[in-house]
Amino acid sequence: MPLTANNPSRRSWIDVPENSDFPIQNIPFGVFLTRDDIITIGTRIGDTAIDLGALHQLGYFKGIDLTDDIFLQDSLNDFIADGRKTWRLVRNRVSDIFLKGNHELQTNRAHAKKVLFALDEIEMQLPIDVGDYTDFYASKEHATNVGSLFRDPENALLPNWLHIPIGYHGRSSSIIPSGTPVRRPMGQMKPGDDGKPGFGPSKLLDFELEMAFITTAANDLGKRVPIGEAEDHIFGLVQFNDWSARDIQAWEYVPLGPFLGKSFASTISPWIVTLDALEPFRTEGPKQEPAPLPYLEQHGAMNFDIKLTAMIQPEDGEDTVVAESNFKYMYWSMAQQLTHHTVNGCNVRSGDMMGSGTISGPTKDSYGSMLELTWKGQNPLKLKDGTERKFINDGDTVKMRAHCEKDGLRIGFGDCDGKVLPAN
């Protein structure tokens, strides 16, 4: 099925500001509360939110096999479960409806009033009901940095890392949309000289600059997803800040891995950008040596050139860019992650979310966490207001942004922000 919505020459009759993340070639999907306190599934062009539930009720999706209530729900799970054919048909139709020169909706004021909203008239919600959440550890630079900090720099990567995408099962209940405050977590820390563990607010609160992909129902229990079919089951991506309490995690993670140091909050951007919209930005990933086992072998451009930025804004202050990385640095691709996730027969469902793990690049300014940027607090960062940060302070807002740009086309993800509140 042709991706007509991706045509770079298309322009919308909706005004799109210069350098907007949301031209007509994007058409992401999200869930929002309208000015009438109705929750609906929608999309966005420029700074205008579009109520897909209202569009459907008004007959604009005729000819596409959709249930009457597909967009009148508080999550995208059922829509995602319909599969790639439906996603493409809907996205192409939305592109046609709002294409410059198509006056069907533009001149129908009664319909337009029901369908179109200014951004200050809506409240974004969590776009999916996340049943399961897995976080990978798929950036070689990040894994090498962490291994160097906590183990032997000469043997930073553990023997398994170059052979399998490492991951852990995370907590889905604490995934939150951009703008939701994050409470500094309490927990145990490593014992001091007296041998007794400490207890109190985390002193080493950190961000993790990540992306995450959302799946459809990919396989039944006991079956696996072949590498060549993996991307058919990826609906789209969000930007992701997987907050981390480094001191809590350091005490608890041996022998079973992350627990309370990670499960207190994970922030996502609320618009899901489809894999189809990102198609023009494919790129080759890092060379994999040694070659993966046959079930993980992939061919072609399986990574995506997505520019990532992390900023810290002190309370009532100006934000400072502290990291600039790129999704293309991922050593293990999304297809490899999903394939490995199911190779044992684990079933993946609609609305499951899989984080990339911290995405660090080859230079110091591209490291995706404060742990790396300050090298475990040894080299504090100076913000624009003159204050320094080893980790994240109370009152700080961590802002993340992600976008692709090529040949004049820009596709972005919007806000991924969270303000840190003091511990209870």
Would you say [X]'s side chain and [Y]'s backbone share a donor-acceptor pair under 3.5 angstrom?
X    : Y    : result
S266 : D242 : no
T34  : I38  : yes
N241 : E208 : yes
Q239 : C416 : no
S139 : S360 : yes
S172 : V130 : yes
D276 : L3   : no
T40  : L72  : no
E372 : V146 : no
D51  : A54  : yes

Is the shortest heavy-atom distance from the side chain of [X] to the side chain of [Y] under 4.5 Å?
X    : Y    : result
Q25  : R10  : yes
Q249 : S244 : yes
H233 : F213 : no

Ion pair check, [X] and [Y], cut-off under 4.0 Å:
X    : Y    : result
D47  : R44  : yes
D305 : K406 : no
D132 : R349 : yes
K203 : D247 : no
K399 : D417 : no
K262 : E252 : no
K328 : E284 : no
R401 : D415 : yes

From OG1 (T48) to CD (E121), nearest 0.5 Å: 9.5 Å
Nearest 0.5 angstrom please: Y367 OH to I359 CD1, how far? 15.5 Å
Dump the intermediate steps for ring-ring contact (aromatic ring centres under 6.0 Å, His included) on Y253 and F259, then the final yes or no. CA-CA 7 Å; Y253 85 104; F259 185 33; over 10 Å; no
Working for side-chain hydrogen bond (donor to acceptor under 3.5 Å, both in side chains), residues T267 and W243: CA-CA 8 Å; T267 302; W243 299 87; 2.9 Å; yes
Matching residue for D394 among K419, R389, R184 - test: salt bridge (Lys or Arg N to Asp or Glu O under 4.0 Å): R184
Aromatic centroids of W332 and F136 separated by under 6.0 Å: no
Verify whether the ring centers belonging to Y137 and H142 lie closer than 6.0 Å. yes
